[in-house]
Protein chains: 2
Amino acid sequence: MPRNKVKLALIENESDRKVSYKKREKGFFKKAHKLRTLCDAEIAAVIDSPYNNEPTVFPNYDVAINTFVKF
Amino acid sequence: MPRNKVKLALIENESDRKVSYKKREKGFFKKAHKLRTLCDAEIAAVIDSPYNNEPTVFPNYDVAINTFVKF
DNA sequence: TTCTCTATATTTAGGAC
DNA sequence: GGTCCTAAATATAGAGA
């Protein structure tokens, strides 16, 4: 976004995509954490990507299971 | 954040909290959507809050199930 | 409540090391 | 690969209707 706008489509260049992924993953979990803390919300999230060996879970396995079971 | 910084703690006033929740829920799903589209990532998320009757699922039930099963 | 507005906090693309 | 930087895009607190 800064320096240049980015169109909402797959980033073709693989190393650019990985760099973007790492930044956005961090931002995403930060937003999740704030939403959870500031407001009174339970949040569970899983991201599965080529850039992590294992799926990444927010905030942790147990809370995620408990939250997912609800829907 | 704009107008004023906000400290990372539960927003005490309930109507302020609800207003903030609604804005942040929207932003959160938008970030999830961009991360999924720009980078090559599967994302599943569930939010359970006092402000929605049902837990809200991203991006939809089937994808969420498939993603959650992986971890 | 639920919308709009907008000033300001936050995120991030593109670099340089 | 991972820092750190910084300009510019984006998200949002607070206000007002």
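The separation between A:I11 atom CD1 and C:dG14 atom C1' is 12 Å, rounded to whole Å. Protein atom CD of A:E12 is 18 Å distant from nucleotide atom C1' of C:dG14, rounded to whole Å. B:K7 places its NZ atom 15 Å from the P atom of C:dT10, with the value rounded to the nearest Å. If you measure from atom CG of A:N13 to atom C1' of C:dA13, you get 13 Å, rounded to the nearest angstrom.
Both A:V46 and A:F71 are assigned to one and the same hydrophobic cluster, defined by single-linkage of ILVMFWY side chains at heavy-atom distances under 4.5 Å. Residue A:Y51 is grouped with residue A:I47 when hydrophobic side chains (ILVMFWY) are merged at heavy-atom distances under 4.5 angstrom, including chains of intermediate members.
Legend: residues meeting side-chain contact (heavy atoms from CB on, under 4.5 Å) with A:N60, ordered by chain and number and at least two apart, are A:D62, A:V63.
Near DNA chain C, meaning a heavy atom under 4.0 Å from it, residues 18-51 of chain B has B:K18, B:K31 in order of number.
No hydrogens or angles considered: nothing links the side chains of B:Y21 and A:D40 as a donor-acceptor pair under 3.5 Å.
The distance from atom CD of A:E25 to atom OG of A:S49, rounded to the nearest 0.5 Å, is 6.5 Å.
Considering all non-hydrogen atoms of both residues, A:A64 and A:A44 come closest at CA-CB, 3.6 Å. Of all heavy-atom pairs between B:K70 and B:E42, the closest is NZ-OE2, 2.5 Å.
B:F28 and B:F58 have their aromatic ring centers separated by at least 6.0 angstrom.
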Find every protein N or O atom lying less than 3.5 Å from an N or O atom of nucleotides 7-9 of chain C, and list the pairs.
{"unit_1": "C:dA7", "atom_1": "O4'", "unit_2": "B:R3", "atom_2": "NH1", "d": "3.0"}
{"unit_1": "C:dA7", "atom_1": "O4'", "unit_2": "B:R3", "atom_2": "NH2", "d": "3.3"}
{"unit_1": "C:dA9", "atom_1": "O4'", "unit_2": "B:M1", "atom_2": "O", "d": "2.3"}
{"unit_1": "C:dA9", "atom_1": "O4'", "unit_2": "B:P2", "atom_2": "N", "d": "3.4"}

